[in-house]
**Student:** 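Once you've had a glance at the structure underneath, I'll fire off some questions.
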Amino acid sequence: MIEQLREAVCGLHAELVRYNLVAWTAGNVSGRVPGEDLFVIKPSGVSYDDLTPASMVVCDLEGNVVEGAHAPSSDTAAHAYVYRHMPEVGGVVHTHSTYASAWAARGESIPCVLTAMADEFGGEIPIGPFALIGGDDIGKGIVKVLSGHRSPAVLMQNHGVFTIGASAKAAVKAAVMCEDVARTVHVSRQLGEPLPIKQDDVDRLYDRYQNVYGQRSSR
């Protein structure tokens, strides 16, 4: 199971590059090992081109390295805190994607003015507190904001995007969608004031997308 997750997490980092969500070695993906108090995460400061399944690092839920020849991501403590306090989370992603990070730099949540936002996020994409990198303060902010919130994404003030999901792939999807809507809402604001969507309609859109849309057996 760990080897399969190493391959999956390694491959998902290519999606961050594909969708222009990261620059240089910034950003990371992690995935919880099913049935174990372990997760797999990107090594720190290693080029995306050089990532391999073997270079992924296995950590326990305190952020200690269990397997791997590399030092884990500088965001490992944040990921570990999320996994400890949100047992439903199976994947965590961090990016500095341009448009979403611009909202984070302003300390502003992204308002729900698109049906795609209602679908994926169930409302606004919230802003989280400023926190320094390296400890678990970022993780505390993520958990505080996203616990009980529909959104799988939070904009950490002056920093960037953190997303969660039932799997690492779901968390990557949320990161891709977060940047997409952040860009669209930004452009809309250049043209005027975006129109809000009524809460009842947001609720209906969210329920349809989460419970009806797509091929249910494959989600």
Side-chain angles (χ1 to χ4, degrees), residues 15-24 26-29 75 78 82 86 88-89 91-133 137-166 169-214 219:
E15 298 300 299
L16 303 188
V17 176
R18 177 185 177 190
Y19 287 99
N20 297 311
L21 304 185
V22 294
W24 203 241
N28 41 72
V29 178
D75 293 305
V82 172
M86 302 183 80
E88 72 278 14
V89 171
V92 180
V93 172
H94 172 48
T95 79
H96 297 160
S97 60
T98 303
Y99 285 87
S101 295
W103 287 85
R106 288 173 50 83
E108 185 176 359
S109 60
I110 304 175
C112 188
V113 295
L114 297 167
T115 58
M117 288 190 68
D119 288 346
E120 181 72 23
F121 303 99
E124 70 170 12
I125 299 176
I127 191 74
F130 175 79
L132 293 176
I133 302 166
D137 285 347
I138 291 174
K140 291 177 180 177
I142 296 167
V143 171
K144 181 178 180 180
V145 174
L146 294 186
S147 291
H149 202 293
R150 284 174 173 175
S151 175
V154 57
L155 311 176
M156 295 300 287
Q157 183 180 314
N158 301 110
H159 188 174
V161 181
F162 281 84
T163 61
I164 58 174
K169 183 177 180 179
V172 170
K173 178 194 175 187
V176 172
M177 296 300 294
C178 180
E179 178 64 4
D180 182 61
V181 299
R183 179 175 58 248
T184 303
V185 179
H186 168 78
V187 172
S188 175
R189 285 178 115 188
Q190 310 315 299
L191 302 173
E193 188 63 29
L195 300 176
I197 301 173
K198 292 188 298 183
Q199 187 60 51
D200 286 350
D201 290 333
V202 171
D203 293 343
R204 282 194 286 268
L205 287 162
Y206 182 73
D207 178 70
R208 178 201 64 86
Y209 188 75
Q210 299 298 322
N211 299 307
V212 178
Y213 173 82
R219 288 193 67 188

**Student:** Heavy atoms only: give me the nearest Ala170-Gly165 pair and the separation to one decimal.
**Tutor:** CB-CA, 4.1 Å
**Student:** Please report the interatomic distance CG(Asn20) to OG(Ser97), rounded to the nearest 0.5 Å.
**Tutor:** 10.0 Å
**Student:** Looking at Asp207 and Arg204, is any side-chain nitrogen of the basic one under 4.0 Å from a carboxylate oxygen of the acidic one?
**Tutor:** no
**Student:** Which atom names give the shortest non-hydrogen contact between Leu155 and Cys178, and what distance separates them?
**Tutor:** CD2-SG, 4.0 Å
**Student:** Looking at Val93, Asp75, Val145, which hits side-chain contact (heavy atoms from CB on, under 4.5 Å) with Phe162?
**Tutor:** Asp75
**Student:** Between Glu120 and Lys173, is the closest basic N to carboxylate O distance under 4.0 Å?
**Tutor:** yes
**Student:** How close do Pro152 and Phe121 get, counting heavy atoms only, and between which atoms?
**Tutor:** CD-CD2, 3.4 Å
**Student:** Taking all atoms of both residues into account, what is the closest heavy-atom pair of Pro126 and Leu146, and its distance?
**Tutor:** CG-CD2, 4.2 Å
**Student:** Check whether any side-chain heavy atom of Val176 lies under 4.5 Å from a side-chain heavy atom of Glu15, and answer yes or no.
**Tutor:** no
**Student:** With side chain to side chain contact (heavy atoms under 4.5 Å, CB included) as the test, would you mind laying out the steps for Arg150 and Val202 before giving the verdict?
**Tutor:** CA-CA 11 Å; Arg150 284 174 173 175; Val202 171; 4.1 Å; yes
**Student:** Spell out, as yes or no, whether a donor-acceptor pair under 3.5 Å connects the side chain of Gln210 to the backbone of Asp119.
**Tutor:** yes
**Student:** Which pair of heavy atoms, one from Thr95 and one from Ala175, lies closest together, and at what distance?
**Tutor:** CG2-CB, 4.2 Å
**Student:** Rounded at 0.5 Å granularity, tell me how far CD in Glu179 sits from OG1 in Thr163.
**Tutor:** 12.0 Å
**Student:** Apply the test side chain to side chain contact (heavy atoms under 4.5 Å, CB included) to residues Asp137 and Leu132: give CA-CA distance (whole Å), side-chain angles for both, the deciding distance (0.1 Å), then the verdict.
**Tutor:** CA-CA 7 Å; Asp137 285 347; Leu132 293 176; 5.7 Å; no
**Student:** Check the angle between the aromatic planes of His159 and His94 and answer parallel, tilted or perpendicular using the 30° and 60° thresholds.
**Tutor:** perpendicular
**Student:** CG/Leu21 to CG/Asp180 distance, rounded to the nearest 0.5 angstrom?
**Tutor:** 10.0 Å
**Student:** Indicate the ring-plane relationship of Tyr213 and Tyr209, choosing parallel, tilted or perpendicular according to the 30° and 60° boundaries.
**Tutor:** parallel
**Student:** What's the shortest heavy-atom distance between Ala26 and His96, and which atoms?
**Tutor:** CB-ND1, 3.8 Å
**Student:** If you look only at distance, which donor and acceptor atoms sit under 3.5 Å apart when one is on a side chain in residues 107-117 and the other is two or more places apart or in another chain?
**Tutor:**
| from | atom 1 | to | atom 2 | distance (Å) |
| --- | --- | --- | --- | --- |
| Glu108 | OE1 | Arg106 | NE | 2.8 |
| Glu108 | OE1 | Arg106 | NH2 | 2.8 |
| Glu108 | OE1 | Arg189 | NH1 | 3.4 |
| Glu108 | OE2 | Arg189 | NH1 | 3.0 |
| Glu108 | OE2 | Arg189 | NH2 | 2.8 |
| Ser109 | OG | Glu124 | OE1 | 3.0 |

